[in-house]
**Q** 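Would you mind keeping the following structure in view while I ask a few things?
Since this is a predicted model, take the numbers as computed values, not measurements.
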Protein chains: 2
Amino acid sequence: MSLKHLILAVVGTRPATGYEITKEFDEVAGFYWRATHQQVYRELAALAEAGLVRFKEVEQQGKPDKKVYTITAKGRRAFADWFREPPEAPRHADPLMIKFFAAELVGIEDLRAQLALARERHAALLATFEAIEAKYYAEPVDEMPRWKKLIYLTLRLGITRERAWLRWAEESERVLRACE
Amino acid sequence: MSLKHLILAVVGTRPATGYEITKEFDEVAGFYWRATHQQVYRELAALAEAGLVRFKEVEQQGKPDKKVYTITAKGRRAFADWFREPPEAPRHADPLMIKFFAAELVGIEDLRAQLALARERHAALLATFEAIEAKYYAEPVDEMPRWKKLIYLTLRLGITRERAWLRWAEESERVLRACE
DNA sequence: AGGACCTATGCTACAAGGTGCATAGGTGGT
DNA sequence: ACCACCTATGCACCTTGTAGCATAGGTCCT
């Protein structure tokens with residue numbers, strides 16, 4: 001799986017606690033990955049067990065103690081090895097497609113309602129992405145530092161994907177309107 | 001999950017064996033869903049257990065016996081109820097995004113190689129989709145029977161998505177070329 | 001004659017992902 | 001005073017997905 005590698009990537013950039021990593025994933029949810037805090041804590045424990053990260057327990061006042069994780073040399077090697085493997089196919093599973101597939105059994109009217117709802121969701125997600133772009137990535141790409149370019153490109157994929165989805169939805173709504 | 005509902009959708013259209021359902025999924029793999037035969041058999045057993053489908057064992061000559069599954073009234077109701085629920089968000093998890101996120105740790109050169117490989121894969125998938133479109137969906141949409149329109153639209157989503165991905169990849173390759 | 005592949009179902013085991021619950025003090029608002 | 005939320009970690013359980021193996025006759029090619 002890849003959550004493991006995403007976590008390695010994060011602690012490879014800077015020391016971090018499970019809580020911080022989870023928050024980061026929540027904030028960019030849907031934009032490149034998502035994970036619950038349990039998944040993150042579980043993975044961190046497994047990575048520590050495997051010697052790919054290590055942690056220091058840090059006492060805090062007024063807050064629970066925390067574990068700050070750092071990548072190890074072995075972790076860096078493991079990450080670089082994974083990086084150079086041929087890319088895994090992306091997964092997309094869209095339950096709406098099942099509804100298209102089986103709309104005859106239930107009714108076109110209900111499918112139209114489903115599509116309209118899904119379109120709202122995708123439009124809202126696109127608006128979020130565009131707001132992030134306008135706020136944090138306003139300057140021309142070639143003026144960004146390299147690390148920022150790379151993150152920006154992941155955001156661009158989200159934007160491109162959502163725009164494409166919305167174009168498809170318009171096409172589909174036209175076809176469904178012409179039905180029956 | 002939705003595999004359950006996809007299987008209900010299939011046996012709602014016509015009686016089918018686990019083997020046939022698996023083959024159908026294999027043939028349209030990536031285009032709207034994918035599943036291994038073990039998942040299908042396991043789900044069918046669970047659906048039968050829950051009374052949403054029933055099966056008849058059919059003896060065959062020269063071939064193993066098979067179980068032909070049919071949807072029950074309860075299964076139809078369960079499917080219709082699920083259909084009318086608000087659509088679940090589609091999931092897309094692309095490990096390539098992790099590589100973008102962490103390319104600084106490994107090197108831009110390796111990222112370029114990864115992107116080039118991924119672009120080949122996506123281009124091949126698009127070509128497959130377009131070949132299916134040219135072969136089976138050559139006539140104008142409004143002349144298709146309704147069930148065919150619906151399936152065609154799921155194919156259209158695949159095509160739209162892959163084209164969008166390739167546009168993004170071109171944009172990204174330009175940016176990466178300008179790096180360093 | 002032998003090998004590869006097709007039809008057809010299934011078990012076991014494991015990996016990955018997700019839900020719910022628990023703990024526990026601190027902060028900020030009404 | 002109370003409620004809601006934040007920081008911070010974790011266990012137990014359940015579902016979903018993947019991999020390997022097993023069975024067993026039939027077809028098709030070389």
**Q** Take atom CG of B:L3 and atom C1' of D:dG17, then tell me their distance rounded to the nearest Å.
**A** 10 Å

**Q** Could you check how far OH of B:Y41 sits from P of C:dC11, rounded to whole Å?
**A** 12 Å

**Q** Please confirm whether B:K148 makes a cation-pi placement over B:Y137, using NZ or CZ under 6.0 Å from the six-membered ring centre and within 45° of the ring normal.
**A**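 Checked: cation-pi criterion met.
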
**Q** Using a 4.0 Å heavy-atom cut-off across all strands, classify B:T17 as base, sugar-phosphate, or nothing.
**A**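 Sugar-phosphate, backbone atoms only, no base.
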
**Q** Grab the CD-P distance between B:E88 and C:dG18 for me, whole Å please.
**A** 12 Å

**Q** Please check if atom CZ in B:R54 has more than 12 non-hydrogen atoms from other residues, nucleotides or ligands closer than 6.0 Å.
**A** no

**Q** Separation of A:K66 atom NZ from C:dT23 atom P, in whole Å?
**A** 24 Å

**Q** Rounded to the nearest Å, what distance is computed from the CD atom of residue B:Q39 to the P atom of nucleotide C:dA8?
**A** 20 Å

**Q** Calculate the interatomic distance between B:E43 atom CD and D:dT15 atom P; express it in whole Å.
**A**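 Interatomic distance, CD of B:E43 to P of D:dT15: 10 Å.
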
**Q** Can you tell me how far P of C:dA8 sits from CD of B:E57, to the nearest Å?
**A**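 Computing the B:E57:CD to C:dA8:P distance gives 14 Å.
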
**Q** Taking for each residue the nucleotide of DNA chain C with the nearest heavy atom, is it A:R42 or B:Q38 whose nucleotide lies nearer the 5' end?
**A**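 It is B:Q38, whose closest nucleotide lies nearer the 5' terminus.
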
**Q** For B:K67 and A:P64, find the nucleotide of DNA chain C closest to each by heavy atoms; which residue's nucleotide sits nearer the 5' end?
**A**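 The residue mapped nearer the 5' terminus is B:K67.
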
**Q** Is the shortest distance from a Lys or Arg side-chain nitrogen in A:E171 or A:R174 to a carboxylate oxygen in the other one below 4.0 Å?
**A** no

**Q** Would you call A:E173-A:R119 a salt bridge at under 4.0 Å N-O?
**A**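 Looking at A:E173 and A:R119, the cut-off is met.
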
**Q** Base, sugar-phosphate or nothing for A:Q60? Non-hydrogen atoms, less than 4.0 Å.
**A**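 Sugar-phosphate contact only.
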
**Q** Can you tell me how far P of C:dT19 sits from NE2 of A:H37, to the nearest Å?
**A** 12 Å

